[in-house]
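Worksheet: one structure, shown below.
In what follows, chains carry the letters A, B, and so on, assigned in the order in which the sequence lines appear, proteins first and then strands, with residues in each chain numbered from 1.
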Protein chains: 2
Amino acid sequence: MAAPEATFVLEGRPTAQLIADQLRELIVQGAFRPGQQVNESALASQLNTSRGPLREALQRLCQEGILVSKRNRGVFVLELTAADVKEIYAVREAVELAAAHTLLDSGPEQIATTVRELKAIIKNMAKQVKASDWQALARLDMQFHTTFVSGTGNTRLIRIYETLAAESRMCILGLEVAYPRIDVLVQEHQKILDHLEAGDRQGLQRAIQRHMEKAVEDLTSDPEAAGISA
Amino acid sequence: MAAPEATFVLEGRPTAQLIADQLRELIVQGAFRPGQQVNESALASQLNTSRGPLREALQRLCQEGILVSKRNRGVFVLELTAADVKEIYAVREAVELAAAHTLLDSGPEQIATTVRELKAIIKNMAKQVKASDWQALARLDMQFHTTFVSGTGNTRLIRIYETLAAESRMCILGLEVAYPRIDVLVQEHQKILDHLEAGDRQGLQRAIQRHMEKAVEDLTSDPEAAGISA
DNA sequence: TAACTGTAGATTGTCAACAATAAACGGATG
DNA sequence: CATCCGTTTATTGTTGACAATCTACAGTTA
């Protein structure tokens, strides 16, 4: 059951997408302030390219929603409001619940593979907790959920979730050291994993809903510290 | 608590987005064959613009997924397989179920407004059924669902669904006169509307799931006629 | 002093020409 | 006759320059 095409699509990756990926990573890592204007000429030379390809990449990110474009003004980094946070996590909940049901309906070996990957991620999370590396922790947090959704094999669901993951990282970015109690974070992910492994549909659904609910609470409770406006 | 910016973002609509919207409409109306290459120069002159802005628009549509880009080859119209149809409708089901719950949790006047809009659409559908205008019927079909999701007010959910709606119209396009029995189509939408109006959570959920299930059956049962490859 | 207006600067939007790559065709060769 | 290879052609990828627009600042005036 190999996928030989996977190598082709990777080797012939369009330029605009490559630039978009680099830029997305820069943005979610906080290289730009929310609301800050993106200077095309400066960024183009910084990424060793021209304005043309860069603009194409910017359009992609505008379509994703992490950049907003204003005519004759340029593109700006998305400013997240409390309403945005609620929206993002509402959609994430919908996607993850769908993924959960699809996953449980799929074969046991599919579930087993996903469970194995998730366990590895949680192990890494525990490691980063000790090191108190928030940046890495945020990345692993989203990697856990992205892997979870990837388990379904639904490419559209995966693509949608990748965008949501980027936005979520932008949310978390504002928190920095204010990340909620980290031991609880690991516990919640472990709980999701346990329910998945046990095939507990009801429990898994509840765990995901609780996880999202808590995240919204943490992200909207302290607007000042998170740099999030009402 | 007015939002004066809303008018600004509408008046200053970026060019690439305008072109992308035109192109999307052309594609879902069947102006291009699935798998067909999109010639940049020809399209640019046809749309009274240059290759630059057009390429930016193409990137947006690639991000949406209705076009696929291959390096040094160009962009091609998405070819839908049976697997794609299953994916699309699985995601649609997830989004609509989420929308249903959100809608029922919102205020009664929010529901009433949405119900009113949906009723108008169904009335138009019945009209087009008599006229046997398949193109218009397909548009109204998706308009019904888009309006349903729009009722939630979740801009991200809406954006996601608009992409799914475009892909769905591409699916339906292949059917043409083979559109499933039209009276049943109207009935199913009416059923969804009734459950929403009655606030019947369980019934609404069932109706949506049945609706999607039937659609996938119709779209994958006759691959030849639909121009869909296995 | 405050408000208004005109100018200057910078930035984006658009375009046309150039370079690079891949597909298509025709001919040579086993 | 099929296969392989070089040439041709069309298309995309990239670049730089030009035009249009907006913001900011300075000067003027009530």
Side-chain angles (χ1 to χ4, degrees), chain A residues 4-5 7-23 26-27 31-79, chain B residues 4-23 26-27 31-64 66-79:
Chain A
E5 283 216 357
T7 58
F8 282 98
V9 296
L10 286 175
E11 82 183 6
R13 197 88 152 288
T15 312
Q17 190 172 330
L18 294 172
I19 300 176
D21 291 339
Q22 291 181 47
L23 246 176
L26 281 175
I27 292 172
F32 300 91
R33 289 259 167 73
Q36 178 183 344
Q37 181 168 8
V38 176
N39 189 310
E40 297 181 357
S41 307
L43 239 182
S45 57
Q46 184 181 330
L47 296 177
N48 290 318
T49 182
S50 185
R51 276 184 59 207
L54 178 75
R55 279 176 63 89
E56 293 174 15
L58 292 178
Q59 291 301 326
R60 284 186 96 107
L61 298 179
C62 285
Q63 184 67 25
E64 287 186 22
I66 67 178
L67 292 179
V68 289
S69 175
K70 301 180 182 178
R71 183 171 184 91
N72 293 325
R73 293 282 307 278
V75 298
F76 301 79
V77 178
L78 178 66
E79 275 184 293
Chain B
E5 284 216 355
T7 59
F8 283 99
V9 295
L10 285 176
E11 82 183 8
R13 196 88 153 287
T15 311
Q17 190 173 329
L18 294 172
I19 299 176
D21 290 341
Q22 290 182 45
L23 246 176
L26 282 175
I27 292 172
F32 300 92
R33 289 258 167 73
Q36 178 183 344
Q37 180 168 8
V38 176
N39 189 310
E40 297 180 357
S41 307
L43 240 182
S45 57
Q46 184 181 331
L47 296 176
N48 290 318
T49 182
S50 184
R51 278 183 58 206
L54 178 74
R55 278 176 64 89
E56 293 173 15
L58 291 178
Q59 292 300 326
R60 283 186 96 106
L61 298 179
C62 285
Q63 184 68 25
E64 288 186 22
I66 67 177
L67 292 179
V68 290
S69 175
K70 299 180 183 178
R71 181 168 185 97
N72 293 325
R73 291 280 308 279
V75 299
F76 301 80
V77 178
L78 177 66
E79 274 184 293

Sugar-phosphate only, base, or nothing, as touched by G52(A) at under 4.0 Å among non-hydrogen atoms = base
Taking atom P of dT12(D) as reference, at what distance in whole Å does atom NZ of K70(B) sit?
-> 14 Å
With respect to the phosphate group of dT11(D), does any side-chain polar atom (N or O) of R73(B) fall under 4.0 Å of OP1 or OP2?
-> no
For the pair made of CG in L54(B) and P in dA16(C), what is the distance, rounded to whole Å?
-> 14 Å
Among dT14(D), dA16(C), dT11(C), the one nearest N39(A) by side-chain distance = dT11(C)
Please check the phosphate of dA10(C) (OP1 and OP2 only) for any side-chain N or O of Q37(A) closer than 4.0 Å.
-> no
Tell me: CD of E56(A) to C1' of dG13(C), nearest whole Å?
-> 14 Å
Using only side-chain N and O atoms of R55(B), determine if any of them is under 4.0 Å from OP1 or OP2 of dG13(D).
-> yes
Out of curiosity, R71(A) CZ to R13(B) CZ, how far, rounded to the nearest 0.5 Å?
-> 11.0 Å
Just wondering, do F32(A) and L26(A) contact through their side chains at under 4.5 Å, heavy atoms?
-> yes
Any idea which of dT15(D), dG13(C), dA22(C) is nearest the N72(B) side chain?
-> dA22(C)
Any R51(A) side-chain N or O less than 4.0 Å from OP1/OP2 of dT12(C) | no
What is the distance from CZ of R71(B) to P of dA20(C), rounded to the nearest Å?
-> 13 Å
Rounded distance in Å - CG (L47(B)) to C1' (dT14(C)) | 15 Å
Can you tell me how far P of dG16(D) sits from CD of E40(A), to the nearest Å?
-> 15 Å
For I19(A) and L58(A), what are the C-alpha separation, side-chain angles and deciding distance, and is it a side-chain contact (heavy atoms from CB on, under 4.5 Å)?
-> CA-CA 9 Å; I19(A) 300 176; L58(A) 292 178; over 6 Å; no
Phosphate OP1/OP2 of dT11(C) contacted by S41(A) side-chain N/O (<4.0 Å) | no
In whole angstrom, what separates N48(B)'s CG from dG13(C)'s P?
-> 20 Å
Between Q37(A) (side chain) and R73(A) (backbone), is there a donor-acceptor pair under 3.5 Å?
-> yes
Hey, is the side chain of S50(A) poking within less than 4.0 Å of OP1 or OP2 on dG13(D), counting only N and O atoms?
-> no
Does the distance from a Lys or Arg side-chain N to an Asp or Glu carboxylate O, for R60(A) and D21(A), drop under 4.0 Å?
-> no
Pick base, sugar-phosphate or nothing for V75(B), based on heavy-atom distances below 4.0 Å to the nucleic acid.
-> nothing
Could you state the CZ-P distance from R13(A) to dG13(D), rounded to the nearest angstrom?
-> 15 Å
